[in-house]
Amino acid sequence: MKTKQLANVLIKILGLSVVIHGIPALITGVFGLAYARGVGAPGNYWFYPVSSVVLVALGICLIVKSRCVAELLFKGDDESSPDA
């Protein structure tokens with residue numbers, strides 16, 4: 001497997017991991033926000049769900065743009081040289 005292909009797969013796995021870890025945080029944040037609004041508690045309860053949405057969006061971007069990221073990271077790598 002070539003270096004760029006391996007990097008592409010690993011970046012996709014990283015993005016999938018970020019999404020999987022972000023979904024429970026997003027659900028917890030939404031429930032916490034709904035509870036805080038129902039009770040009328042003061043505070044910045046909106047911050048946790050928003051940060052979780054950003055985390056999930058970042059993971060999705062890593063999955064979609066993994067090939068571009070791998071090419072950016074290894075643009076100087078010579079693919080023609082055989083790995084021993």
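In this chain, numbering begins with 1 at the start of the sequence shown.
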(request) Over all heavy atoms of both residues, which pair between Val18 and Leu55 is shortest? Give the atoms and the distance, please. (result) CG1-O, 3.3 Å
(request) Measure across Ala70 and Lys4 and return the closest heavy-atom pair with its distance rounded to 0.1 Å. (result) CB-O, 3.8 Å
(request) Any chance you could pull the hydrophobic cluster mates of Ile63, using side-chain heavy atoms under 4.5 angstrom and chaining through other members? (result) Leu16, Val19, Ile20, Ile23, Ile27, Phe31, Val56, Ile60, Val64
(request) Please check if the side chain of Ser17 supplies one atom and the backbone of Ile13 the other of a donor-acceptor pair under 3.5 Å. (result) no
(message) Tell me every residue that passes side chain to side chain donor-acceptor pair (under 3.5 Å) with Ser52, counting only those two or more places apart in sequence or in another chain.
(response) none
(request) Report the distance from atom CG of Leu14 to atom CG of Leu58, rounding to the nearest 0.5 Å. (result) 8.5 Å
(message) Please check this pair: side chain of Gln5 against backbone of Lys2, looking for a donor-acceptor N/O pair closer than 3.5 Å.
(response) yes
(message) Nearest 0.5 Å, please: how far is CG in Leu62 from SG in Cys68?
(response) 11.5 Å
(request) To the nearest 0.5 angstrom, please state how far the CG atom of Leu33 sits from the OG1 atom of Thr28. (result) 12.5 Å
(request) Any side chain to side chain donor-acceptor pair (under 3.5 Å) involving residues 54-65? Give me the pairs, sequence neighbours left out, ordered by first then second residue. (result) none
